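Predicted model, so just to flag it, every value in this text is computed and none were measured. The residues of the chain are indexed from 1 along the displayed sequence.
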Amino acid sequence: MRQLRLTAPVEARDRLDDLLGRHDAHAVRIWDLAGDATCVELSLTNRDIGEFLDDVDDLGDVTITMKPQSVLTLVPGREQAPEDLVDVEPLSPHEVFLAGLQSVGSWTGFLGYAAVAGAVVWIGMQLNSVFLLIAAMLIAPFAGPAMNAALATATGDRRLLGRTVVRYGAAITVVVGVVAALHALLGTDLPTNTMADTANVSAVAVLLPLVAGAAGALNLMQAERSSLVSGAATGVLVAAALAPPAGLVGMALVIGEWAMVGSGAFLLALQLLGLNLSGALLFRLYGLRPGSARYGRGTSGVSWAALGASVLGLVVLVTFQLSSSPTLQRSTVQTEVASQITELVVEDPEADLVEVDARFTRADIPGQDTLLAVVHVQPTGDADLDQLEQRLGAELSAAMTERHDVVALVTVTAIPRP
């Protein structure tokens with residue numbers, strides 16, 4: 001529930017009493033103020049706030065103050081009190097939108113967090129530290145612009161959308177710039193393992209921003225006590241889609257790894273569009289639409305144009321990704337190669353599989369995508385180890401090169417049985 005305080009003209013007292021009863025207001029206090037005004041303090045369920053605010057607009061000169069925290073209203077002796085407390089409702093669309101507007105705060109703090117996040121991203125990627133990357137995701141201020149962009153798209157609010165795009169661009173620019181500056185001063189000329197892992201894009205990479213956008217929107221719509229999932233957790237999920245690619249672009253620019261720059265830029269574009277599309281669709285399903293009551297901002301044309309641009313952009317990017325194998329599908333290709341090598345070795349009567357590791361190398365060899373596979377086997381009988389290694393290596397290299405548009409270098413190591 002939310003607690004509200006409003007003032008209205010004294011002559012509207014009877015209509016106000018009727019509205020309080022119709023909306024089942026709780027903990028109501030009414031008193032008269034000097035200057036022919038009435039003040040009312042009340043508590044309403046989240047679902048009734050929107051309709052109540054619409055109705056009081058007809059009372060004349062009304063001012064409203066609403067506390068943004070949940071309140072608990074208890075009536076002594078009511079047997080259904082426990083049921084009332086566990087009946088936690090989502091926030092009203094009005095409150096979700098106004099909270100989004102309020103979150104567009106100071107530029108100083110926003111850019112400061114972006115700079116700190118960029119520094120932590122660089123340290124994490126330079127040291128190959130997953131823990132530091134998670135810390136950077138906690139700090140990175142990407143969740144606010146992401147959700148505000150989705151709100152603006154759902155409601156067709158051109159002003160909010162424009163401000164959000166500017167903030168998006170500023171945050172990403174600061175993160176990339178800080179990472180690039182630190183890497184130019186303190187980094188090495190070789191890509192780190194974390195850079196290589198981030199640059200290896202999966203064929204299903206589009207699913208992460210779609211899920212993250214929906215989770216962020218769902219979190220904004222839930223009441224504070226309705227879930228054990230914190231806002232920080234969903235913020236990390238949103239930042240996870242953006243912080244590592246931004247760090248990758250900054251580091252790769254400095255050392256001239258243009259393929260990695262392309263992968264990072266592709267991921268950033270994919271994540272931004274995916275977050276916006278899923279978040280905006282969920283907000284629209286929830287009731288946030290152009291020209292909704294109270295805020296009265298936004299047009300259907302802007303909303304549909306932004307949604308259409310997000311859908312078209314995603315279709316173009318995913319189509320480009322699927323037609324650019326293996327450049328933008330390296331993670332998926334690595335998994336498929338490991339699986340296919342496993343199948344081929346298992347079918348070979350002279351070898352038992354011990355282990356397979358397949359990965360794209362960081363070697364910059366012009367005109368080829370080099371995939372290195374290291375296979376450990378044991379002979380099933382008395383086969384010559386050298387001959388087994390040479391035969392299997394040649395067969396597996398030819399098979400993987402034929403099946404995938406890569407140069408497959410397969411090294412087979414035959415380990416004698418104890």
Do [X] and [Y] have side chains that get closer than 4.5 Å, going by heavy atoms?
{"X": "D369", "Y": "D405", "value": "no"}
{"X": "L268", "Y": "V249", "value": "yes"}
{"X": "I255", "Y": "P191", "value": "yes"}
{"X": "L371", "Y": "V407", "value": "no"}
{"X": "L277", "Y": "L307", "value": "yes"}
{"X": "L151", "Y": "T164", "value": "no"}
{"X": "L6", "Y": "L16", "value": "yes"}
{"X": "N148", "Y": "R167", "value": "no"}

Throw together a table of side-chain donor-acceptor distances under 3.5 angstrom for residues 180-190, partners on residues two or more places apart or in other chains.
from, atom 1, to, atom 2, distance (Å)
H183, ND1, W122, NE1, 2.9
H183, NE2, T188, O, 3.1
T188, OG1, L190, O, 3.3

Do the side chain of [X] and the main chain of [Y] share a donor and acceptor less than 3.5 angstrom apart?
{"X": "T192", "Y": "M125", "value": "yes"}
{"X": "T198", "Y": "T194", "value": "yes"}
{"X": "S331", "Y": "S202", "value": "no"}

Nearest heavy-atom pair of G118 and V178: which atoms, and what distance?
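So the minimum-distance heavy-atom pair works out to C-CG1, 3.9 Å.
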Of the non-hydrogen atoms in L132 and V120, which two are nearest, and what is the gap between them?
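Heavy atoms only, the tightest pair is O-CG1, 3.2 Å.
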Which class fits the ring pair F320 and F266: parallel under 30°, tilted 30 to 60°, perpendicular over 60°?
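F320 and F266: tilted rings.
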Counting neighbours of CZ on R15 that are heavy atoms of other residues, nucleotides or ligands and sit closer than 6.0 Å, is the number greater than 12?
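Yes, enclosed.
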For V375 and L353: C-alpha separation, side-chain torsions, deciding distance, then whether side chain to side chain contact (heavy atoms under 4.5 Å, CB included) applies.
CA-CA 8 Å; V375 184; L353 181 66; 3.9 Å; yes
Return yes if a side-chain donor-acceptor contact under 3.5 Å exists between S303 and R284, otherwise no.
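A pair is found: one side chain offers a donor N or O, the other an acceptor, under 3.5 Å apart.
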